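In this text, all values refer to a predicted model and were calculated from it rather than measured experimentally.
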Amino acid sequence: TIRQDNEKSEQSRMRFEARQERLAQEELDKAAKREARKKAAEARAAQGGADEDPIQAAIDRAKAKKAAQQSDTGPSESEQATLETSIATIRKRLATAQEKLDTARAEDSDLVDALQTGVDKTRAKLEAAESKLKELIANEKPADKAPPPVDAAQAAIERAMAARKSAEALTPQEKATAQRNKLQQQLEKARTRLEQSRESGEDEKIVIALESTVERLQNKLNDLNNAAQDA
């Protein structure tokens, strides 16, 4: 009947509108999360956390996980893994503290004495931890020194290190080319998504967000191309 057809049409319209609202909200949520991650990264950079080595961080996490998994194999292995993780962390802290001290000295800052005290304390902690680790290894029984099994975490670390070495081997021109290719791929995907949104009649907010993404990627690509031409 006409009434049933009208009800079905109204239900279809409501489902379509609900879907559009959900998609728009998801896009807004993603944008908010991206902004939050950006601000968090900026905050970490301001606090000196941007210099953290991602490979070393992965190694530290893998060692900590391995120590937890092998806690039932005996105190020696667990204590050694904990010490190795602690030493790696202290070394990073010492490097950061020393860098701050050098900067303060160069600027003739009033904080030199305080920073020097911090460097001395951190170095003392590192020496104590390294001494304890050497003593622990020296006191281990031969049976305790069997090579640890290769696990997925270690394999991932090795792949990441190999990828970083490969990237470091690239010339500046090759790095710029790889970056441009990556941006070009992102731009093509964003354009395709924008065209699909326009054709399907998606909410205007989603279309505007996608247009902004396309424009931002295009500007980045143009900047890289201009820099390459100038070089």
Side-chain angles (χ1 to χ4, degrees), residues 1-66 68-69 151-164 166-167 170 174-228:
T1 64
I2 296 177
R3 179 179 179 182
Q4 292 176 335
D5 290 341
N6 289 338
E7 290 178 351
K8 289 181 179 179
S9 177
E10 180 65 17
Q11 291 176 353
S12 298
R13 183 185 65 80
M14 292 175 64
R15 285 195 298 269
F16 176 81
E17 291 178 351
R19 179 176 179 273
Q20 298 306 311
E21 291 178 359
R22 177 174 56 80
L23 292 174
Q25 186 60 46
E26 289 177 353
E27 192 66 24
L28 291 174
D29 292 343
K30 290 178 181 178
K33 290 180 180 179
R34 287 194 295 269
E35 184 64 19
R37 287 195 296 269
K38 179 181 177 181
K39 291 182 178 179
E42 291 174 350
R44 288 194 299 271
Q47 297 173 358
D51 295 332
E52 182 179 1
D53 188 346
I55 300 302
Q56 184 60 49
I59 292 173
D60 293 343
R61 290 194 298 270
K63 287 182 178 179
K65 180 179 179 181
K66 182 179 178 181
Q69 292 175 342
D151 55 16
Q154 183 63 34
I157 292 171
E158 292 174 356
R159 288 195 299 270
M161 294 178 68
R164 186 173 71 173
S166 177
L170 296 176
E174 290 172 336
K175 290 180 180 179
T177 300
Q179 189 175 5
R180 286 200 301 273
N181 291 340
K182 183 178 180 180
L183 269 176
Q184 185 65 50
Q185 293 175 356
Q186 293 175 341
L187 179 59
E188 291 175 358
K189 290 181 180 180
R191 283 174 174 169
T192 301
R193 179 72 177 88
L194 176 59
E195 292 176 1
Q196 293 174 346
S197 297
R198 287 171 174 169
E199 292 175 357
S200 62
E202 286 189 327
D203 189 272
E204 183 179 1
K205 292 181 179 179
I206 297 178
V207 175
I208 292 175
L210 289 171
E211 289 175 343
S212 176
T213 300
V214 170
E215 181 180 1
R216 175 173 53 81
L217 291 173
Q218 184 64 66
N219 290 337
K220 285 187 176 182
L221 185 60
N222 290 341
D223 291 341
L224 285 177
N225 291 331
N226 293 334

Report the distance from atom CD of Q25 to atom CG of D203, rounding to the nearest 0.5 Å.
11.0 Å
For residues 192-201, the salt bridge (Lys or Arg N to Asp or Glu O under 4.0 Å) pairs (sequence neighbours left out) are R193-E202, R198-E211
Can you tell me how far CD1 of I208 sits from NZ of K205, rounded to the nearest 0.5 angstrom?
9.0 Å
Test your reading of the model: is there a side-chain donor-acceptor pair from T192 to the backbone of E188, 3.5 Å cut-off?
yes
Apply side-chain hydrogen bond (donor to acceptor under 3.5 Å, both in side chains) to N181 and list each qualifying residue two or more places apart in sequence or on a separate chain.
none
Are there more than 12 heavy atoms of other residues, nucleotides or ligands under 6.0 Å from atom CD of Q218?
yes
Q186-R216 side chain donor-acceptor pair, cut-off 3.5 Å:
no
List in chain and number order the residues that pass side-chain hydrogen bond (donor to acceptor under 3.5 Å, both in side chains) with R15, two or more places apart in sequence or in another chain; answer none if no residue qualifies.
S12
Could you state the interatomic distance from NZ (K30) to OG1 (T213), rounded to the nearest 0.5 Å?
10.5 Å
Partner residues of Q196 under the side-chain hydrogen bond (donor to acceptor under 3.5 Å, both in side chains) criterion, sequence neighbours left out
none
Rounded distance [0.5 Å steps], CG in L217 versus CD in E215
10.5 Å
Between I206 and L210, is any pair of side-chain heavy atoms under 4.5 Å apart?
yes
Mind checking what makes salt bridge (charged side-chain N to carboxylate O under 4.0 Å, His left out) contact with E26, not counting sequence neighbours?
R22
With sequence neighbours left out, what residues match D223 under side-chain hydrogen bond (donor to acceptor under 3.5 Å, both in side chains)?
none
Nearest heavy-atom approach of L187 to L221 is CD2-CD2, 4.0 Å
Point-to-point distance, once rounded to the nearest 0.5 Å, from OG of S200 to CZ of R19:
7.0 Å
How long is the straight-line distance from CD of Q184 back to CG of L224, given to the nearest 0.5 Å?
11.0 Å
